[in-house]
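Each remark here refers to the structure printed beneath this line.
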Amino acid sequence: QVHLVETGGGLVQAGGSLRLSCAVSGRAFSSYHIGWFRQAPGKERELVSAISWSGGSTDYADSAKGRFTISRDNAKNTVYLQMNSLKPEDTAVYYCAASNLYYISRSEYGYNYWGQGTQVTVSS
């Protein structure tokens, strides 16, 4: 089993920054790709960013490119999402998830384990 806990959400003004953390416990953290997803009210859950098990490969949604940076520290079993230049449309619940596929999946169905989510609210 893999257990994920997200922290770092909150209320921020447009243009501000937040850093989300995803602490992972359980077996073989360093063998899992980790994704950050978000879900806004009335919308489907969507991938924001993902990182390979080694940290050598990353993927970003177009909406996140140039503003968000994903990273991981395998020694601390933690994945980070640095979010800069936040916009009101970034408001959502953010989830981290773990995948044991051999490739980085953009689909939520490619992820086996999920955290409980953390709320990010960006005011205009």
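S124 and A14 make their closest contact through CA-CB, 4.4 Å (heavy atoms, listed as atom of the first residue, atom of the second, distance). Annotation for S105 and G110: closest pair OG-CA, 3.7 Å, computed over non-hydrogen atoms. Nearest heavy-atom pair across W53 and N74 is O-ND2, 3.3 Å.
How far OG of S49 is from CZ of R106: 9.5 Å, rounded to the nearest 0.5 Å. With rounding to the nearest 0.5 Å, the separation of OG in S21 from CD in Q82 is 9.5 Å. Separation of atoms CZ (R67) and OG (S85) is listed at 7.0 Å; rounding is to 0.5 Å. Between the NZ atom in K87 and the OG atom in S63 there is a gap of 8.0 Å [rounded to 0.5 Å].
In this structure the side chain of I51 never reaches within 4.5 angstrom of the side chain of H33, judged on heavy atoms. Contact annotation: the side chain of E108 never approaches that of E44 to less than 4.5 Å [non-hydrogen atoms, C-beta and beyond]. Side-chain contact between L4 and W114: absent, with no pair of heavy atoms (C-beta onward) separated by less than 4.5 Å. Proximity of L20 to T118: side-chain heavy atoms (C-beta onward) are separated by under 4.5 Å at one or more points. Between T78 and V24 there is no side-chain heavy-atom pair separated by less than 4.5 Å. In this structure the side chain of Y80 reaches within 4.5 angstrom of the side chain of D73, judged on heavy atoms.
Hydrophobic clustering keeps I34 apart from F37 (ILVMFWY residues linked when any side-chain heavy atoms are closer than 4.5 Å, directly or through intermediates). When hydrophobic clusters are built by joining Ile, Leu, Val, Met, Phe, Trp and Tyr residues whose side-chain heavy atoms come closer than 4.5 Å, directly or via intermediates, L81 is not grouped with Y111. Two different hydrophobic clusters hold V79 and I104 under the rule that ILVMFWY side chains link at heavy-atom gaps under 4.5 Å.
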Steps toward side-chain contact (heavy atoms from CB on, under 4.5 Å) verdict (M83, V120): CA-CA 10 Å; M83 305 188 295; V120 171; 4.0 Å; yes
Candidate pair R38 and Y94, rule side chain to side chain donor-acceptor pair (under 3.5 Å), full reasoning: CA-CA 4 Å; R38 68 185 181 187; Y94 283 70; 3.0 Å; yes
Chi angles and distances behind the side chain to side chain donor-acceptor pair (under 3.5 Å) call for S17, N84: CA-CA 4 Å; S17 298; N84 299 328; 2.9 Å; yes
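Each of V48, L47, I70 was scored for a side-chain contact (heavy atoms from CB on, under 4.5 Å) with Y60, with one residue passing: I70.
In Q116, the CD atom is crowded: over 12 heavy atoms of neighbouring residues, nucleotides or ligands sit closer than 6.0 Å.
At a threshold of 4.0 Å, the pair D62-K65 counts as salt-bridged, since one of the basic side-chain nitrogens sits closer than that to a carboxylate oxygen.
T91 places no side-chain N or O within 3.5 Å of a backbone atom of T121 that could act as its donor or acceptor partner. A donor-acceptor pair under 3.5 Å links the side-chain atoms of N112 to the main chain of N100, judged by distance alone. Under the 3.5 Å distance criterion, the side-chain polar atoms of E6 are matched with a main-chain donor or acceptor of G117.
Ring centroids of W36 and F68 are separated by 6.0 Å or more, keeping the two rings apart.
Y95 carries R45 over the face of its six-membered ring, with the cationic atom under 6.0 Å from the centre and within 45° of the normal.
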